[in-house]
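One-based numbering, in listed order, for ligands and for the atoms of each.
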Amino acid sequence: MTERIHAPYSPSSSATWILCSFSARNAVPDPPKPKSTKEAADEGTRVHDLFEDFVKNDKAPDEDDSAAEAVERGVRFVRKLEPGELHTELQVQLSDECWGYVDLFNDAPYIVTVLDLKYGRWDVDAMHNMQLLSYCVMLLSMTNAEWFRLVIYQPRGLDEKPFKQWVAHRTQVEAHKVRMLQAIADRSPPKPGPHCRWCKAFQVCPVMNDDAAFLRAAMTRRIEDLSTHDLVRMLRLIRAFGDVKKAYEEALTVKLKLGQPAPDGAGLEASRSWRAWNDPVQAAMHLHSHYGFKGVKPPTPAQAEKLGPAGKQYAAVAAHQPPGELKARY
Ligand code: SF4
């Protein structure tokens with residue numbers, strides 16, 4: 001996959017700019033990212049290439065490739081779709097400022113499929129997925145299909161289901177097109193909300209600038225005197241700093257390792273490490289022989305499913321989803 005220029009109004013960030021168009025018009029070009037994020041993005045690109053090669057040219061990845069199983073599973077899903085014309089990495093466009101690339105599009109007469117391969121672990125849902133809906137909007141002129149199947153294929157995701165699907169009617173896609181066009185034409189001031197978390201204009205947003213000054217003052221007040229509005233303003237900002245903290249820590253470590261001066265007591269020190277089994281399988285067998293089941297921690301239901309059919313069968317009947325704890329969303 002060659003290096004691509006991202007559209008200002010890109011489908012991948014449409015969940016943010018549909019709610020706050022300022023974010024697309026003012027995105028900063030290269031926001032800080034930790035090394036692990038960059039490495040994961042490179043690996044994602046490599047896996048997309050393998051997937052495309054398999055779908056288009058029937059060329060399977062090498063057996064010992066770490067992504068071989070994931071790619072083959074994705075292709076098996078694609079081969080079972082309705083007969084239609086398959087496109088990979090298809091460039092689609094809504095306007096001069098809004099375009100993108102669809103990982104896979106199956107153009108079948110009654111229901112088309114739009115699939116996005118996600119190689120990260122962060123759980124992404126297909127239902128009302130703004131990125132996929134935005135691709136569907138850009139495909140409207142290429143198909144008369146009444147239904148659109150939106151698929152997220154996430155082989156390494158934290159969610160236990162690798163394929164997440166949602167079927168949208170053509171009228172839902174057309175309604176989304178109206179929302180997209182309204183956002184692209186919108187020149188109103190920034191509109192903060194939970195979507196600020198993934199905003200690419202956070203660093204230049206005037207609302208966040210005000211909140212930064214507010215945060216310093218608010219931290220001198222007693223927590224119980226802060227309103228919910230105050231707390232949300234503070235937490236959005238603290239979360240944003242938390243999201244980039246690792247990138248700055250890595251940069252400082254590199255500079256200190258290069259011998260640059262360490263100001264005010266800063267410096268390098270070994271991080272805490274934990275003992276690990278030389279051979280985890282042998283350790284489990286040994287401890288089980290001495291202490292029975294008490295000595296062995298069972299794998300999680302998701303890990304058990306990956307062990308094989310018996311693990312999958314057992315997880316289906318012996319695992320449950322406990323209710324999640326209520327926590328604040330901001
Ligand atoms: S930080 Fe929030 S309010 Fe500011 S531009 Fe981004 S999405 Fe809009």
ask   = Side-chain donor-acceptor pair under 3.5 Å between Asp103 and His48, yes or no?
value = yes
request  = Check ligand 1 against Phe22 and write out every atom of the ligand that is under 4.0 Å from a heavy-atom position of the residue.
outcome  = 5 (S)
query = Are Leu133 and Val124 connected, step by step, through hydrophobic side chains (Ile, Leu, Val, Met, Phe, Trp, Tyr) whose heavy atoms are closer than 4.5 Å?
reply = yes
ask   = Would you say Cys199 reaches atom 8 (Fe) of ligand 1 with an N/O/S atom under 2.8 Å?
value = no
inquiry  = One residue to check: Lys191. Relative to ligand 1, which of side chain, backbone, both or neither has a non-hydrogen atom less than 4.0 Å away?
reply    = backbone
ask   = So does Gln260 have more than 12 non-hydrogen atoms from other groups sitting under 6.0 Å from CD?
value = yes
query = Is atom 4 (Fe) of ligand 1 under 2.8 Å from any N, O or S atom of Cys205?
reply = yes
inquiry  = For a ring-ring contact (aromatic ring centres under 6.0 Å, His included) check, start with the C-alpha distance between Tyr153 and Phe77, then their side-chain angles and the critical distance, and finish with the verdict.
reply    = CA-CA 9 Å; Tyr153 174 42; Phe77 176 91; 7.6 Å; no
message = Under 2.8 Å from atom 2 (Fe) of ligand 1 - does any N, O or S atom of Cys196 fall there?
response = yes
query = Are any of the side-chain heavy atoms of Arg179 and His176 separated by less than 4.5 Å?
reply = yes
key: Smallest separation among heavy atoms of Pro31 and Gln203, with atom names   = CB-NE2, 3.6 Å
message = At less than 4.0 angstrom from any non-hydrogen atom of Pro192, what atoms of ligand 1 do you find?
response = 3 (S)
task = Among all protein heavy atoms, pick the one closest to atom 8 (Fe) of ligand 1 and tell me residue, atom and distance.
result = Cys20 SG, 2.3 Å
ask   = Against heavy atoms of Met208, which atoms of ligand 1 measure under 4.0 Å?
value = 1 (S)
message = Using a strict threshold of under 4.0 Å (side-chain N to carboxylate O), is an ion pair present between Glu224 and Arg222?
response = yes
query = For ligand 1, which atoms have a heavy atom of His195 less than 4.0 angstrom away?
reply = 7 (S)
